[in-house]
Amino acid sequence: MKDLLLTTIRQALEEAHPYRLTLRALPKARPHLILAVGKGASWMLKAALDRYGEVPYHLTLPKGQDALGLRAVFAGHPLPDWESLRAAQEVLELLKGLSPKARVLTLVSGGGSALWCLPLGISLEAKRALTEALLKSGASIREINAVRKHLSQVKGGRLLKATQARLHVLLLSDVPGDDPGVIASGPFHPDSSTYLEALAVLDRYGLAFPEARRVLEEGLRGRFPETLKPQDPALKRLSYRIVGRNLDLLKAAQGFLRRQGYRAVILSDRFGGEARALARFHAELVETLRAHGLPFKKPLFLLSGGEAQVQVRGKGRGGRNLEFLLALYAHLQAPLYALAADSDGLDGPSEAAGALLTPEVWNLGLDPRPFLEANDSYGFFEQAGTLLKTGPTGTNLNDFRLLFVD
């Protein structure tokens with residue numbers, strides 16, 4: 001069963017590969033410029049260059065990722081760095097210099113919020129510190145990006161406003177609901193959030209950050225322009241398509257499992273909330289299935305996606321998928337096989353994509369409580385010997401959870 005879990009995620013990632021998804025969605029017209037950013041950007045760009053031949057391009061990738069022989073700027077993720085600032089400045093200048101007749105193909109995937117970072121009214125150091133605090137606060141990606149967009153010269157549609165060119169955007173979605181205004185903080189898309197909402201996020205999670213608050217308050221008073229809004233005429237120059245999403249990954253896994261003769265149910269592609277609460281929900285569903293055979297007939301696989309959050313209080317290591325799996329272990333009354341991983345290959349600030357639960361983990365008798373108190377899910381699964389390490393996968397289609405109930 002362990003091998004089947006691993007084969008399923010590998011098969012799903014292959015079927016939802018960004019090269020394949022991008023190649024079938026490329027527009028017919030050859031662009032004058034290609035911009036590519038994010039964890040899936042190198043494969044997306046390779047697909048475009050294989051289709052169009054030589055085209056000027058700008059590629060921004062997270063440090064440590066394979067550029068596939070292409071010229072790239074390698075920038076910080078999940079926290080922006082000076083290379084993030086340089087990349088954003090270069091892209092902004094490229095777009096400013098284009099005529100209204102120019103066609104730009106933009107390839108956007110998750111991670112772009114950190115990779116293109118040009119702060120508005122605050123220093124890069126302040127933006128880094130605020131980003132780190134938001135990521136540890138338990139805020140949703142929509143809330144985090146509402147703040148980041150209002151402290152940026154390029155996010156929240158500001159790059160579209162900065163150019164006269166026509167843009168066609170292809171997106172790999174790593175956010176629940178697949179809102180293009182949230183993916184990579186929507187550098188070319190309209191934004192429904194406001195300065196007031198960004199301030200409310202800081203209040204909600206008890207984040208002081210006076211420098212950032214000052215800018216948001218001044219924006220509220222009109223000193224800084226709002227982000228791009230849905231009625232803006234600049235949107236007439238924008239077309240877009242979401243070429244890959246979490247549901248594609250889950251459907252690929254479901255199809256593979258069904259071909260192997262198993263029942264497989266997709267619960268949702270947009271589960272959010274705190275990872276521990278999400279684990280409790282899954283555990284209670286498992287126990288109901290075991291006790292009553294409801295709401296599905298067992299044996300079967302349960303698939304789910306989306307993006308949970310972790311409120312970090314301890315000093316351990318791990319990400320939302322590892323935390324989910326550790327909490328699932330703590331809540332379950334009996335062993336089962338399960339896998340949880342980030343499709344990009346890196347779960348939070350660790351080198352693991354995620355981990356597996358197997359009956360052998362229960363046999364070790366490890367107490368999950370001290371690991372949960374320390375937010376040290378990585379340490380737990382390192383001791384259990386079931387960490388899943390893939391390295392960067394070259395894509396980002398959000399989280400992947402797979403449980404087998406018999």
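Atom set for the values below is all heavy atoms of this structure, side chains included, hydrogens, waters and symmetry mates excluded.
The heavy-atom pair separating Pro349 from Gly318 by the smallest distance is CD-O, 3.5 Å. Of all non-hydrogen atoms in Gln65 and Ser42, the two that sit nearest each other are NE2-OG, 4.4 Å. The minimum heavy-atom distance linking Cys117 with Leu124 is given by the pair SG-CD1, 4.0 Å. For Gly111 against Lys39, the heavy-atom pair with the smallest separation is CA-CE, 4.4 Å. Contact detail for Met44 and Ser109: the closest heavy-atom pair is SD-CB, 4.2 Å. In this structure, Leu61 and Ala41 approach most closely via the heavy-atom pair CD2-CB, 3.9 Å.
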Q | Working for side-chain contact (heavy atoms from CB on, under 4.5 Å), residues Leu366 and Val361 | A | CA-CA 8 Å; Leu366 293 173; Val361 176; 5.5 Å; no
Q. Should Val201 and Arg204 be marked as a side-chain contact (heavy atoms from CB on, under 4.5 Å) after you check the CA-CA gap, both sets of side-chain angles, and the distance that decides it?
A. CA-CA 5 Å; Val201 172; Arg204 191 173 303 130; 3.8 Å; yes
Q: Check the pair Glu83 / Arg86 against salt bridge (charged side-chain N to carboxylate O under 4.0 Å, His left out), numbers first and verdict last.
A: CA-CA 5 Å; Glu83 292 303 303; Arg86 177 169 77 89; 2.8 Å; yes
Q: Quick one: do Asp232 and Lys161 satisfy salt bridge (charged side-chain N to carboxylate O under 4.0 Å, His left out)? Show the steps, please.
A: CA-CA 9 Å; Asp232 198 295; Lys161 292 279 284 184; 2.9 Å; yes
Q: Let me see the working for Ile183 and Asp174 under side-chain contact (heavy atoms from CB on, under 4.5 Å), right down to the final yes or no.
A: CA-CA 7 Å; Ile183 302 166; Asp174 68 329; 4.1 Å; yes
Q: Determine, stepwise, if the pair Arg20 / Glu14 fulfils salt bridge (charged side-chain N to carboxylate O under 4.0 Å, His left out).
A: CA-CA 9 Å; Arg20 179 180 297 166; Glu14 180 59 31; 3.6 Å; yes
Q.
Determine whether Leu202 and Leu130 satisfy the following criterion, side-chain contact (heavy atoms from CB on, under 4.5 Å), listing intermediate values before the conclusion.
A. CA-CA 10 Å; Leu202 299 188; Leu130 176 56; 3.9 Å; yes
Q: List the steps, then state whether salt bridge (charged side-chain N to carboxylate O under 4.0 Å, His left out) holds for Lys136 with Glu132.
A: CA-CA 6 Å; Lys136 291 181 176 180; Glu132 184 173 24; 3.6 Å; yes
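Taking a 6.0 Å sphere around NZ of Lys63, one finds it holds more than 12 heavy atoms contributed by other residues, nucleotides or ligands. Counting heavy-atom neighbours within 6.0 Å of Arg313 CZ, excluding the residue itself, gives a total of 12 or less. No more than 12 heavy atoms of other residues, nucleotides or ligands lie within 6.0 Å of CZ in Arg280, so this atom counts as exposed by the packing criterion. The number of heavy-atom neighbours closer than 6.0 Å to OH of Tyr240, taken from other residues, nucleotides and ligands shown, is 12 or below. More than 12 heavy-atom neighbours from other residues, nucleotides or ligands sit within 6.0 angstrom of CZ on Arg259. Within 6.0 Å of atom NZ in Lys298, more than 12 heavy atoms from other residues, nucleotides or ligands are found, so the atom counts as buried in its surroundings.
The closest side-chain donor-acceptor pair between Glu218 and Tyr195, if any, does not fall under 3.5 angstrom. Residues Trp116 and Thr60 have side chains that bring a donor and an acceptor to within less than 3.5 angstrom of each other. Inspection of the Glu93 and Gln89 side chains reveals no N or O donor paired with an N or O acceptor under 3.5 Å.
Inter-residue side-chain proximity for Arg263 and Phe296 is flagged as unmet; no heavy-atom pair is nearer than 4.5 Å. Side-chain contact between Thr8 and Leu339: absent, with no pair of heavy atoms (C-beta onward) separated by less than 4.5 Å. Under the 4.5 Å side-chain criterion, counting only non-hydrogen atoms from C-beta, Leu167 is not in contact with Leu159. Ser152 has its side chain within reach of Lys127: a pair of non-hydrogen atoms, C-beta onward, lies under 4.5 Å apart. Side-chain contact between Gln164 and Leu98 is absent, with no heavy atoms from C-beta onward closer than 4.5 Å. At least one side-chain heavy atom of His189 sits under 4.5 Å from a side-chain heavy atom of Leu171. Proximity of Thr22 to Arg51: side-chain heavy atoms (C-beta onward) are nowhere separated by under 4.5 Å. Counting heavy atoms from C-beta on, the side chains of Ser343 and Leu13 come closer than 4.5 Å.
Distance check: Ile34 CD1 to Tyr52 OH gives 7.0 Å after rounding to the nearest 0.5 Å. Atom CD1 of Ile144 is separated from atom CD1 of Ile141 by 5.0 Å, given to the nearest 0.5 angstrom. Leu247 contributes atom CG, which lies 5.5 Å from atom CD1 of Ile266 (distance to the nearest 0.5 angstrom). If you take OG1 on Thr393 and CG on Leu346, they are separated by 8.0 Å, rounding to the nearest 0.5 Å. Taking CG of Leu5 as the reference point, atom OG1 of Thr358 lies at 9.5 Å (rounded to 0.5 Å). Atom NZ in Lys149 sits 6.5 Å away from atom OG in Ser192 (nearest 0.5 Å).
The pair Arg10-Asp3 fails the salt-bridge criterion, with no side-chain N (NZ, NE, NH1 or NH2) lying under 4.0 Å from an Asp/Glu carboxylate O.
Without hydrogens or angle criteria, Arg166 side chain to Lys101 main chain gives a donor-acceptor distance under 3.5 Å. With hydrogens and angles ignored, the 3.5 Å screen pairs no side-chain donor or acceptor of Arg142 with any backbone N or O of Asp179. Between the side chain of Asn246 and the backbone N or O of Leu397 there is at least one donor-acceptor pair closer than 3.5 Å. In this structure a side-chain-to-backbone donor-acceptor pair under 3.5 Å is missing from Lys2 to Leu357. In this structure a side-chain-to-backbone donor-acceptor pair under 3.5 Å is present from Thr386 to Leu356. At least one donor-acceptor pair closer than 3.5 Å links the side chain of Ser84 to the backbone N or O of Ala114. Remark: side-chain polar atoms of Asp347 are paired, donor with acceptor, to backbone N or O of Leu322 under 3.5 angstrom. Panel note: side chain Asp81, backbone Gly76; a donor-acceptor pair is recorded below 3.5 Å. With hydrogens and angles ignored, the 3.5 Å screen pairs a side-chain donor or acceptor of Glu287 with a backbone N or O of Gln333. Proximity of a side-chain donor or acceptor of Lys155 to a complementary backbone N or O of Ser113 within less than 3.5 Å is detected.
Sorted by first then second residue, the ring pair (Phe, Tyr, Trp, His ring centres under 6.0 Å) pairs that include residues 328-361, not counting sequence neighbours, are Tyr329-Trp362, Tyr329-Phe380.
Using a 30° and 60° split on the angle between ring planes, Phe404 and Phe301 fall in the tilted class, from 30° to 60°.
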